Protein chains: 2
Amino acid sequence: MPRPTKQDPERGAARTRLLEAARDVIRRQGFAATSVDQLCAAAGVTKGAFFHHFKDKAALGVAAADFWGETTGAFFEGAPYHRPADPLERVLAYIAFRRSIIGDELFEFTCLAGTLAQETYESAPEIGAAAGRAIFGHAATLEADIAAAMAARGISGGWTAASLARHTQTVLQGGFVLAKAGQDPQMVHESLDHLERYIRLLFQAA
Amino acid sequence: MPRPTKQDPERGAARTRLLEAARDVIRRQGFAATSVDQLCAAAGVTKGAFFHHFKDKAALGVAAADFWGETTGAFFEGAPYHRPADPLERVLAYIAFRRSIIGDELFEFTCLAGTLAQETYESAPEIGAAAGRAIFGHAATLEADIAAAMAARGISGGWTAASLARHTQTVLQGGFVLAKAGQDPQMVHESLDHLERYIRLLFQAA
DNA sequence: GATAATACAGACCATCAGGTATGTATGGCC
DNA sequence: GGCCATACATACCTGATGGTCTGTATTATC
């Protein structure tokens with residue numbers, strides 16, 4: 001799809017640049033508060049490019065959520081937390097990894113999909129649905145390790161691997177909300193500590 | 001401040017009606033996506049009334065967050081979960097109560113403060129701060145019971161009553177996000193189940 | 001090498017948004 | 001009973017916003 005030029009080797013990259021700009025700007029300001037012009041300025045492209053690639057602003061929202069799902073998917077797939085041989089250790093390593101990627105700037109580590117879902121779940125269901133796919137898709141990548149850990153230790157206590165996988169995302173999303181409310185990334189660390197403690201207790205691996 | 005009239009006994013109620021409308025409409029659509037005109041229409045008042053009571057839209061946001069903190073504060077204060085004599089039972093009753101007030105309509109039981117914080121933490125810090133006061137203020141009301149439960153059972157394990165109190169709000173806020181992302185209130189129930197299980201494990205009260 | 005499709009650029013437009021300015025009815029107060 | 005503050009109502013203004021339209025450079029294709 002990209003078709004670079006001799007004069008302008010960046011040609012063909014407008015769509016990607018818009019998606020990257022959306023990722024950054026929307027995480028700061030939210031979807032509704034972000035204008036198309038602002039997105040174009042941040043991406044360094046014109047309005048013509050925007051509406052060439054996206055039917056309307058909502059389509060950009062859907063594409064941004066999908067883009068988020070794809071890029072974070074690749075990012076987590078290549079992350080080192082898959083290395084431990086023991087599945088429970090992999091789950092705990094996931095939490096440690098999530099902790100490690102939290103920095104000082106809220107907009108850099110919070111979740112675009114969560115932000116989009118919160119804002120558009122009713123007014124723009126297509127965007128909300130795309131955000132949902134990103135969140136639940138990521139949660140699903142944890143399921144196998146959790147299930148393996150349960151099997152390895154013979155755990156079964158009224159909860160499922162899928163539900164615990166989703167709960168990890170609940171804690172993360174909630175941590176982001178509290179972090180924003182308190183202007184303090186530490187909130188996420190705190191709740192991840194509780195999550196880790198919970199999982200260790202569940203698996204009796206003190 | 002209200003000054004009712006013979007002709008119009010509703011006179012004086014415009015501010016409250018606007019805050020109630022804000023509570024409902026913003027939980028559906030978000031803050032930025034909600035226009036002043038829409039708020040006025042929902043409240044059944046005119047724009048003149050709006051800008052008489054609020055300096056600008058941001059001031060309405062702050063007032064709505066404060067209003068949320070006050071009304072929910074009174075609501076939870078009068079709730080029956082304070083009745084058990086044992087402090088741990090009160091904490092567990094709080095979770096059960098939160099579960100019980102979840103209905104079918106997302107906008108009816110989700111948290112205005114969480115929505116506002118997510119959207120305005122950077123673009124309108126005054127609103128974000130007000131939302132933060134509501135959230136952390138509510139969390140603080142749980143602290144005493146948690147601390148009492150810890151003392152009663154001699155618990156001390158690298159975490160504080162304040163941090164566990166905040167964690168309950170993390171799980172709720174995250175549950176709301178997942179519920180919106182999945183268009184399914186059940187997500188909140190699921191995570192509250194995990195939260196309850198965690199607290200029982202912490203206090204060894206299976 | 002003509003054709004067609006892609007990937008933009010940039011001017012333009014209608015609407016709507018937040019906000020203001022002004023007018024008016026009511027009731028407290030002296 | 002005159003004055004003033006409060007609590008609105010209504011008309012209006014201005015800039016921003018989403019979206020369109022037309023033009024143009026580039027490249028694949030035949």
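Given the structure is predicted, the values throughout are model-derived calculations rather than measurements. Chain identifiers are assigned alphabetically (A, B, ...) following the order of the sequence lines, protein sequences preceding nucleic acid strands; residue numbering begins at 1 within each chain.
- Aromatic rings from A/H138 and A/Y94 are positioned such that their centres are separated by under 6.0 Å.
- DNA chain D lies under 4.0 Å from at least one heavy atom of each of the following residues of residues 29-37 of chain A: A/T34, A/S35, A/V36.
- The side chain of B/F51 lies closest to C/dG18 when the candidates are C/dG18, D/dA9, C/dA7.
- A salt bridge (Lys or Arg N to Asp or Glu O under 4.0 Å) with B/E122 is found for one member of A/R28, A/R27, A/K180 and no other, namely A/R28.
- With 3.5 Å as the limit, one finds no donor-acceptor pair spanning the side chains of B/Q118 and A/E119.
- Separation of the B/F97 and B/F75 ring centroids falls under the 6.0 Å cut-off.
- Atom CD1 in A/I95 sits 8.5 Å away from atom CZ in A/R200 (nearest 0.5 Å).
- The NZ atom of A/K55 sits 14 Å away from the C1' atom of D/dT20 (whole-angstrom rounding).
- For the 3.5 Å distance criterion, the side chains of A/R197 and B/Y198 qualify, holding a donor opposite an acceptor.
- At whole-Å resolution of the value, CG in B/L18 and P in C/dG18 are 13 Å apart.
- Listed nucleotides: C/dC8, D/dG18, D/dT6. Nearest to the side chain of B/H52: D/dT6.
- Listed nucleotides: C/dA9, C/dG18, D/dA9. Nearest to the side chain of B/K57: C/dG18.
- Separating the CZ atom of A/F54 from the P atom of D/dG19 is a distance of 13 Å, rounded to the nearest angstrom.
- Expressed to the nearest 0.5 Å, how far CG of A/L88 lies from CD1 of A/I199 amounts to 8.0 Å.
- Per the geometry, CZ belonging to A/F50 stands 8 Å off P belonging to D/dG18, to the nearest Å.
- The residue among B/G44 and A/A58 whose nearest nucleotide of DNA chain D lies closer to the 5′ end is B/G44.
- For the pair A/H53 NE2 and D/dG18 P, the computed distance is 18 Å after rounding to whole Å.
- Put simply, NZ on A/K47 is 14 Å from P on C/dG10, counting in whole angstrom units.
- In this entry the distance linking CG of A/L60 with P of D/dG19 reads 10 Å, nearest Å.
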